[in-house]
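We use all heavy atoms of the structure for the numbers below, so side chains are in, but hydrogens, waters and symmetry mates are not.
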Amino acid sequence: MSAGQRFMLPCARRVTTGLGRGLPRLSERSTKRTISLKSLFAPPPPGDMAAAGSKPRIVVKQDDLFHQLSKSPIKEMRQKGLLIQEHGCCPTCVHETSASTGQAATREPLFECPDCGYPTHCSAEHWAADKIRHSEQCGYLRESNEDEHDLRSGRTLREFEFPSAQLPEVVVNFKSWDTFLYTRSFTNVQSARAMRHVSKVLTYPITIGATLHQYSPFTLGSGLTPEGLKSMTALRTTIKEHELA
């Protein structure tokens with residue numbers, strides 16, 4: 001996808017669901033949210049490493065990445081499932097509007113889809129009734145499920161071994177993620193899953209960098225208004241003068 005078509009380099013795959021629609025519902029089993037990308041790069045707790053310099057413990061093998069969230073061997077994934085169950089609502093219930101009150105009956109999604117592993121409906125019956133509509137998102141959710149387990153599997157994430165400073169004579173191309181990673185010498189991104197991992201983390205900073213870069217794909221009429229072009233020209237000139245100084 002051309003970066004000029006959107007004002008943001010898109011993540012390789014974004015998953016949007018209706019699981020969190022509606023007002024948050026509080027329950028007795030409140031769960032503190034601890035899911036963060038920061039935990040992916042933080043040093044492991046002392047108990048997770050047998051000794052200094054030892055190899056990290058593999059929690060999930062590459063041929064066994066799919067798990068239902070409630071049965072995941074990774075604590076953060078189990079917490080994620082609890083958050084969805086606490087704050088989400090069954091989409092089948094939402095569409096069942098009470099004739100007397102005119103309000104949709106909502107129940108927590110306690111049933112986990114066997115195909116994607118996420119809590120999606122309040123019961124197996126409601127999941128079966130909504131299976132056709134859910135199938136539109138189910139594949140994306142399963143992909144997300146496996147990606148999240150892979151990130152926390154304990155393996156060495158080679159795709160996050162980023163290249164060093166770029167040579168002055170090499171021109172980076174921001175047209176798409178493929179051209180950017182190739183011209184920027186990301187040699188360790190060798191699979192679709194690795195691409196999704198890297199683009200998920202780099203979408204925001206690379207968007208800012210692409211906007212300010214002298215060879216930015218965002219031009220007048222392609223992501224920039226006349227006022228925006230004036231501002232970007234001033235910023236790029238300042239950056240160039242700083243580099244020359």
Side-chain angles (χ1 to χ4, degrees), residues 1 8-17 19 31-85 112-120 137-166 172 176-207 209:
M1 180 182 290
M8 192 177 208
L9 283 177
C11 193
R13 176 73 70 192
R14 291 185 177 182
V15 179
T16 57
T17 70
L19 301 180
T31 305
K32 182 178 180 181
R33 181 162 191 170
T34 58
I35 301 171
S36 170
L37 284 175
K38 186 186 297 184
S39 64
L40 300 179
F41 307 100
D48 287 359
M49 301 292 287
S54 62
K55 295 182 179 180
R57 180 171 62 92
I58 302 299
V59 180
V60 181
K61 295 182 179 180
Q62 290 300 293
D63 59 353
D64 188 32
L65 292 176
F66 174 75
H67 294 273
Q68 291 187 331
L69 297 193
S70 64
K71 301 177 181 178
S72 172
I74 300 173
K75 179 181 178 181
E76 290 82 4
M77 299 303 294
R78 297 194 298 271
Q79 291 177 332
K80 184 174 185 177
L82 291 176
L83 282 169
I84 294 174
Q85 291 178 355
E112 291 179 322
C113 172
D115 298 324
C116 67
Y118 276 82
T120 56
Q137 303 291 340
C138 190
Y140 299 148
L141 287 172
R142 184 184 178 99
E143 187 177 80
S144 175
N145 183 313
E146 295 180 356
D147 286 353
E148 294 291 333
H149 278 95
D150 182 45
L151 285 170
R152 297 168 173 82
S153 64
R155 72 173 178 89
T156 301
L157 298 170
R158 299 294 183 189
E159 54 266 45
F160 289 113
E161 295 178 359
F162 294 160
S164 57
Q166 187 173 357
V172 65
S176 67
W177 277 110
D178 288 328
T179 57
F180 169 74
L181 295 176
Y182 177 76
T183 56
R184 192 58 186 86
S185 302
F186 280 78
T187 58
N188 291 325
V189 181
Q190 300 177 351
S191 67
R193 175 165 286 127
M195 170 76 83
R196 292 193 297 271
H197 290 342
V198 172
S199 64
K200 181 177 181 179
V201 174
L202 294 183
T203 291
Y204 179 77
I206 295 303
T207 298

Query raised in the report: What do the steps show when you test L181 against M195 for side chain to side chain contact (heavy atoms under 4.5 Å, CB included), and what is the final call?
Result: CA-CA 9 Å; L181 295 176; M195 170 76 83; 3.3 Å; yes
Report task. Apply side chain to side chain contact (heavy atoms under 4.5 Å, CB included) to the pair N145 and L69, showing each step before the final yes or no. Result -> CA-CA 8 Å; N145 183 313; L69 297 193; 3.9 Å; yes
Requested in this report: Please test K71 against E112 for salt bridge (Lys or Arg N to Asp or Glu O under 4.0 Å), starting from the C-alpha separation and ending with a verdict.
Outcome: CA-CA 10 Å; K71 301 177 181 178; E112 291 179 322; over 6 Å; no
Query raised in the report: Yes or no on salt bridge (Lys or Arg N to Asp or Glu O under 4.0 Å) for R142 and D115, after CA distance, side-chain angles and deciding distance?
Result: CA-CA 7 Å; R142 184 184 178 99; D115 298 324; 5.8 Å; no
Query - L65 vs R193, side chain to side chain contact (heavy atoms under 4.5 Å, CB included): CA-CA, chis, key distance, verdict - result: CA-CA 12 Å; L65 292 176; R193 175 165 286 127; 3.7 Å; yes
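Nearest heavy atom pair, residue V201 against residue F160, reads CG2-CE2, 3.7 Å. Taking both residues in full, the closest heavy atoms of C113 and T120 are given as CB-OG1, 3.8 Å, listed atom of the first, atom of the second, then distance.
A side chain to side chain donor-acceptor pair (under 3.5 Å) with S72 is found for exactly one of H149, Q79, E148, K80, namely H149. With respect to D150, the salt bridge (charged side-chain N to carboxylate O under 4.0 Å, His left out) criterion is satisfied by exactly one of K200, R155, R196: R155.
In this structure, R152 CZ and D147 CG are separated by 11.0 Å, a value rounded to the nearest 0.5 Å. To the nearest 0.5 Å, the span separating CG on N188 from CZ on F162 amounts to 10.0 Å. Atom OG of S153 sits about 11.0 Å away from atom CG of D64, to the nearest 0.5 Å. Rounding to the nearest 0.5 angstrom, the gap separating the CZ atom in R184 from the OG1 atom in T179 is 13.5 Å. In this structure, SG on C116 lies 6.5 Å from CZ on F66, to the nearest 0.5 angstrom.
Within the 4.5 Å cutoff, the side chain of V189 has no heavy atoms near those of the W177 side chain. In this structure, the side chains of V60 and H67 come closer than 4.5 Å at one or more pairs of heavy atoms. Put simply, the side chain of H197 reaches to within 4.5 Å of the side chain of L151, judged on heavy atoms.
In this structure, F186 and F180 have tilted ring planes: the angle between them lies in the 30° to 60° band.
Of the possible polar contacts, one joining the T203 side chain to the S199 backbone as a donor-acceptor pair under 3.5 Å is found.
Residue-environment remark: OH (Y182) stays at or below the threshold of 12 foreign heavy atoms within 6.0 Å.
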